Engineer: 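If you scroll down you'll find the structure; I have some questions about it.
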Amino acid sequence: MTNIPIKRLREGAIFPTYATADSVGADLCACPDAPVTLAPHETVMIPLGYSIALPAGWVGLIFARSGLASKRDLAPANKVGVVDPDYRGEWMVPLHNHGSKPRTVQPGERIAQLVIVPCMTAAFEEVEELDETERGAGGFGSTGTN
């Protein structure tokens, strides 16, 4: 386990928490000043109330919570949020209401989950040809229908 520095920016902020010992995603909780209602198809930036210093070479990936997305139509607008290790501002989730009814997010409610993973930075090198593979240029369903 790695210690990750986190700085509280708002009263009532709940730091990321793992629900079980084997959870990979840490729950992220909303920290708005008051409940926030999202109209159908609206996106609202929901503050989390803290900033985090991820280690160099690591990235924070913010995913939807499956229950919130499937039962209440609320999920991150950008599908997967990417937090770079040099970002030091307040963490927020652009939460989107994919449904047809208004949905309200309460302060302290779990709205997303964070997975922290190592990430490589690449040096892109232009070449004349790429190596051949069995798949080749086949994409978008080329390996089967399932």
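As the structure is a prediction and not an experimental result, all values here were calculated from the model.
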Engineer: Could you walk me through whether Arg88 and Lys7 pass the side chain to side chain contact (heavy atoms under 4.5 Å, CB included) test, one step at a time?
Structural biologist: CA-CA 9 Å; Arg88 293 297 181 271; Lys7 179 181 178 182; over 6 Å; no

Engineer: Given the rule in the side chain to side chain contact (heavy atoms under 4.5 Å, CB included) test, do Phe15 and Arg8 qualify, once you have shown the distances and angles that lead to the verdict?
Structural biologist: CA-CA 8 Å; Phe15 289 168; Arg8 186 180 310 275; 3.7 Å; yes

Engineer: Quick one: does Arg65's side chain have a donor or acceptor within less than 3.5 Å of a partner on Leu68's backbone?
Structural biologist: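 Not a single qualifying donor-acceptor pair exists.
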
Engineer: Might you work through the side chain to side chain contact (heavy atoms under 4.5 Å, CB included) test for Leu48 and Ile111, ending with a clear yes or no?
Structural biologist: CA-CA 10 Å; Leu48 301 181; Ile111 60 167; 4.0 Å; yes

Engineer: Return yes if some donor-acceptor pair links the side-chain N/O of Arg103 with the main-chain N/O of Arg72 below 3.5 Å, else return no.
Structural biologist: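 Yes.
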
Engineer: How far does CG of Leu28 sit from CG of Leu95, to the nearest 0.5 angstrom?
Structural biologist: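 Leu28 atom CG to Leu95 atom CG measures 11.0 Å (nearest 0.5 Å).
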
Engineer: Test of understanding: with side chain to side chain contact (heavy atoms under 4.5 Å, CB included), list the residues that count as partners of Pro94, not counting sequence neighbours.
Structural biologist: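 Pro94: side chain to side chain contact (heavy atoms under 4.5 Å, CB included) contacts with Thr43, Met45, Ala77, Asn78.
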
Engineer: Shortest non-hydrogen contact from Gly49 to Ala13?
Structural biologist: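 So the two residues come closest at O-CB, 3.5 Å.
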
Engineer: Within a strict 4.5 Å, meaning less than it, do heavy atoms of the Ile6 and Pro16 side chains meet?
Structural biologist: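 Yes, close enough: below the 4.5 Å cut-off.
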
Engineer: Just wondering, do Pro107 and Pro35 contact through their side chains at under 4.5 Å, heavy atoms?
Structural biologist: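 A side-chain contact exists here, since the closest heavy-atom pair is under 4.5 Å.
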
Engineer: So if you build clusters from Ile, Leu, Val, Met, Phe, Trp, Tyr with side-chain heavy-atom gaps below 4.5 Å, do Leu61 and Val24 land together?
Structural biologist: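 Same cluster.
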
Engineer: Give, for atom CG of Asp27 and atom CZ of Arg110, the distance between the pair rounded to the nearest 0.5 Å.
Structural biologist: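 One gets 5.0 Å once the value is rounded to the nearest 0.5 Å.
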
Engineer: Do the side chain of Glu90 and the main chain of Pro47 share a donor and acceptor less than 3.5 angstrom apart?
Structural biologist: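 Flag not set: sc Glu90 to bb Pro47 has no pair under 3.5 Å.
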
Engineer: Contact between Val105 and Leu38 at the side-chain level, heavy atoms closer than 4.5 Å - yes or no?
Structural biologist: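 A side-chain contact under 4.5 Å exists here.
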
Engineer: When rounded to the nearest 0.5 angstrom, what is the spacing between CG in Asn97 and OG1 in Thr104?
Structural biologist: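 It is 9.5 Å, given to the nearest 0.5 Å.
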
Engineer: What's the verdict on side chain to side chain contact (heavy atoms under 4.5 Å, CB included) for Leu9 and Ser51, showing C-alpha distance, side-chain angles and the deciding distance?
Structural biologist: CA-CA 7 Å; Leu9 301 175; Ser51 57; 4.1 Å; yes

Engineer: Check whether any side-chain heavy atom of Tyr50 sits under 4.5 Å from a side-chain heavy atom of Ile14, and report yes or no.
Structural biologist: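 No, side chains not in contact.
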
Engineer: For the CG atom of Asp86 and the CG atom of Leu54, what is their distance to the nearest 0.5 Å?
Structural biologist: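 Atom-to-atom, Asp86:CG and Leu54:CG are 9.5 Å apart.
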
Engineer: Taking the side chain as every heavy atom from C-beta outward, state whether Ile62 and Val80 have any pair of such atoms under 4.5 Å apart.
Structural biologist: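 With C-beta onward as the side chain, the pair stays apart.
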
Engineer: Side chains of Trp58 and Pro85: closer than 4.5 Å at any heavy-atom pair?
Structural biologist: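 Trp58 vs Pro85: side chains apart.
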
Engineer: Do Asp33 and Arg10 sit within salt-bridge range, that is, some charged N less than 4.0 Å from a carboxylate O?
Structural biologist: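 Salt bridge between Asp33 and Arg10, a charged N being under 4.0 Å from a carboxylate O: yes.
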
Engineer: So, taking the atom named CD in Gln113 and the one named OG in Ser66, what distance separates them when rounded to the nearest 0.5 Å?
Structural biologist: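 Going from the CD atom of Gln113 to the OG atom of Ser66 covers 7.0 Å.
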
Engineer: Are the side chains of Phe63 and Leu114 in touch, meaning some heavy atoms are under 4.5 Å apart?
Structural biologist: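 Sidechains of Leu114 and Phe63: no contact.
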
